[in-house]
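Here's the structure, in structure tokens; my notes come after.
Positions are given from 1 along the sequence. Everything numeric here is computed off the predicted structure, so don't read it as measured data.
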Amino acid sequence: MILKSGHESVLEHEKISVRMICDRGVTHEIVRNRMASYSQESTRYCNYSKDKFGSELTFIEPCFWNEEKDKLKRELWITQILEIETAYMKLLELGASPQEARAILPNSLKTEIIVSMNIREWRHFFKLRTSEKSHPQMREIAIMILNEFKIRYGILFNDIVNK
């Protein structure tokens, strides 16, 4: 009844938190949603040369370079990622702090972010971020979350259709 009558302000009383693993570029899209709370893994303090991170950087491969037609783009991306990892580790060896070495880290670096929004804001988020106009990786994640929300909280999200 609330959704049909358009009185969505009632949905602001309950929040849902989601843990997302994505690249840092996608998190820049996510945090554009103002009515939310965020906790994100910090490259300032993470020393990726340590065992906690497997002594390596982890990157998220863009979903849009998996086709044969983009083979050269993907190969260039991989080459650059490997060079960045080597340079990052070398900077640490030379005495740079993690916050100094992070200056060369790309948007493709894997991160974790906890996002909390009230239900009304999640609905707004999905309407924006599942659109074909959205960044492909942002859309990919938003659709996954929306599909899970439809399973768990169907009555609140089933009316949202991927465009």
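- Residues Glu121 and Asn33 have side chains in contact (heavy-atom distance under 4.5 Å, counting atoms from C-beta outward).
- Ring pair Phe149/Tyr153 is perpendicular by interplanar angle, where above 60° counts as perpendicular and below 30° as parallel.
- Side-chain contact between Met144 and Ile141: present, with at least one pair of heavy atoms (C-beta onward) separated by less than 4.5 Å.
- With sequence neighbours excluded, the residues forming a salt bridge (charged side-chain N to carboxylate O under 4.0 Å, His left out) with Arg74 are Glu61, listed by chain and number.
- Residue Leu109 is grouped with residue Trp77 when hydrophobic side chains (ILVMFWY) are merged at heavy-atom distances under 4.5 angstrom, including chains of intermediate members.
- Residues Pro98 and Cys46 come closest through the heavy atom pair CB-O, 3.4 Å.
- Enclosure of atom CE in Met35 is not indicated, since only 12 or fewer non-hydrogen atoms of other residues, nucleotides or ligands lie within 6.0 angstrom.
- One finds the CD atom of Gln80 at 5.5 Å from the CG atom of Leu76 (value rounded to the nearest 0.5 Å).
- Of the possible polar contacts, one joining the Arg123 side chain to the Leu156 backbone as a donor-acceptor pair under 3.5 Å is found.
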Decide yes or no on side chain to side chain contact (heavy atoms under 4.5 Å, CB included) for Thr43 and Arg24, but give the supporting numbers first.
-> CA-CA 10 Å; Thr43 57; Arg24 294 191 69 80; 3.7 Å; yes

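- Residues meeting the side chain to side chain donor-acceptor pair (under 3.5 Å) test with Lys90, sequence neighbours left out: none.
- Taking each heavy atom of Ile21 and Arg19 in turn, the nearest pair found is CD1-NH2, 3.6 Å.
- Grouping the Ile, Leu, Val, Met, Phe, Trp and Tyr side chains by contacts below 4.5 angstrom, directly or via other members, places Leu11 with Met117.
- A heavy-atom distance below 4.5 Å is not found between the side chains of Asp70 and Phe64.
- Distance CD/Glu83 to OG1/Thr86: 7.5 Å, rounded to 0.5 Å.
- The two residues Trp122 and Ile16 make their nearest non-hydrogen contact at NE1-O, 2.9 Å.
- Without hydrogens or angle criteria, Lys150 side chain to Ile160 main chain gives a donor-acceptor distance under 3.5 Å.
- The heavy-atom pair separating Ala142 from Phe126 by the smallest distance is O-CE2, 3.6 Å.
- Taking the side chain as every heavy atom from C-beta outward, Asp23 and Phe59 never approach each other to under 4.5 Å.
- Taking CG of Leu105 as the reference point, atom CD of Glu85 lies at 10.0 Å (rounded to 0.5 Å).
- Atom CZ of Arg129 is separated from atom CZ of Arg139 by 13.0 Å, given to the nearest 0.5 angstrom.
- Proximity of a side-chain donor or acceptor of Gln137 to a complementary backbone N or O of Val26 within less than 3.5 Å is not detected.
- In terms of hydrophobic clustering, with Ile, Leu, Val, Met, Phe, Trp and Tyr side chains grouped at heavy-atom distances under 4.5 Å, Ile145 and Ile113 are assigned to a common cluster.
- No chain of hydrophobic side-chain contacts below 4.5 Å, direct or via other Ile, Leu, Val, Met, Phe, Trp or Tyr residues, connects Leu146 to Ile143.
- Taking both residues in full, the closest heavy atoms of Val161 and Thr130 are given as O-OG1, 4.4 Å, listed atom of the first, atom of the second, then distance.
- Without hydrogens or angle criteria, Arg102 side chain to Ser42 main chain gives no donor-acceptor distance under 3.5 Å.
- Residues Ile104 and Phe53 are members of one and the same hydrophobic cluster, defined by side-chain heavy-atom contacts under 4.5 angstrom among Ile, Leu, Val, Met, Phe, Trp and Tyr.
- Heavy-atom contacts from other residues, nucleotides or ligands closer than 6.0 Å to CG of Leu94 number more than 12.
- Between atom CE of residue Met138 and atom OG of residue Ser131 there is a gap of 12.0 Å, rounded to the nearest 0.5 Å.
- Counting heavy atoms from C-beta outward, Phe157 and Ile119 have side chains that approach closer than 4.5 Å.
- For Pro106 against Ile84, the heavy-atom pair with the smallest separation is CD-CG2, 3.8 Å.
- With contacts defined as side-chain heavy-atom distances shorter than 4.5 Å, the pair Leu128/Arg32 does not qualify.
- In this structure the side chain of Lys110 reaches within 4.5 angstrom of the side chain of Glu41, judged on heavy atoms.
- Using a distance-only test at 3.5 Å, with no hydrogens or angles considered, a donor-acceptor pair links the side chain of Tyr38 to the main chain of Ile30.
- With values rounded to the nearest 0.5 angstrom, Tyr88 atom OH is found 5.0 Å from Asn47 atom CG.
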